[in-house]
Amino acid sequence: MNTFPLEFSKHVGFCIIAIAFFLFQFYRQGFKYQLLTAAAIGATLLLYVNDSSGWRYGIGIIEAVLLVLIFVIMAKEKKNAEKKAQAEKDNKASDSAPSEAPETAVNGEGKNE
């Protein structure tokens, strides 16, 4: 059965390389969509398990659901990363800015005389 323009051995090789890449990226960056992408790529190999059209449509539905999940999770994680970067930027700016509060002695009296 030749479902793809690639031969079976080339398809398996591509899948192994792509899955390894996305697992490495998940290890490095920790985004959940990378795991889902690796799963979606691996799921394409399920087409070789059975020849029936029902099986193919089932795999197609699974792939479509995974793709939608990947894009939804990717958008959420991007928003969270932007918020985190903005918060870190704000924290750096507030740490480097001089304090405007007057210095006070331990007993509450001001040092400005």
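In this text the structure is predicted, and so the values were computed from the model without any measurement. Numbering starts at 1 and runs along the sequence shown.
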Between [X] and [Y], is there a shared hydrophobic cluster once you connect ILVMFWY residues whose side-chain heavy atoms come closer than 4.5 Å?
| X | Y | result |
| --- | --- | --- |
| M74 | L35 | no |
| I41 | I16 | no |
| F22 | F24 | no |
| I59 | V49 | yes |
| L45 | F14 | no |

Side-chain donor or acceptor of W55 paired with backbone N/O of Y48 under 3.5 Å: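 Not at all, since once roles are kept as given, no pair shorter than 3.5 Å links the two residues.
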Q25 side chain to Q34 backbone, donor-acceptor under 3.5 Å: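 Checked: no pair found.
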Minimal non-hydrogen separation, [X] against [Y], with atom names:
| X | Y | answer |
| --- | --- | --- |
| I19 | G42 | CD1-CA, 3.7 Å |
| D51 | R56 | OD1-NH2, 3.7 Å |
| I70 | A40 | CD1-CB, 4.3 Å |
| E63 | T44 | OE2-N, 3.4 Å |

Test ring-ring contact (aromatic ring centres under 6.0 Å, His included) applied to F31 - qualifying residues, sequence neighbours left out: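 With neighbours one apart ignored, the set is Y33.
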Euclidean distance, [Y] [atom2] relative to [X] [atom1], rounded to 0.5 Å:
| X | Y | atom1 | atom2 | value |
| --- | --- | --- | --- | --- |
| K79 | E82 | NZ | CD | 9.0 Å |
| I61 | L66 | CD1 | CG | 12.0 Å |
| F71 | K76 | CZ | NZ | 15.5 Å |

Side chain proximity check, N80 to K84, heavy atoms < 4.5 angstrom: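 Result no, sub-4.5 Å side-chain heavy-atom pair not found.
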Among V68, L69, I62, the one residue meeting side-chain contact (heavy atoms from CB on, under 4.5 Å) with V65: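 For V65, the side-chain contact (heavy atoms from CB on, under 4.5 Å) check succeeds only for L69.
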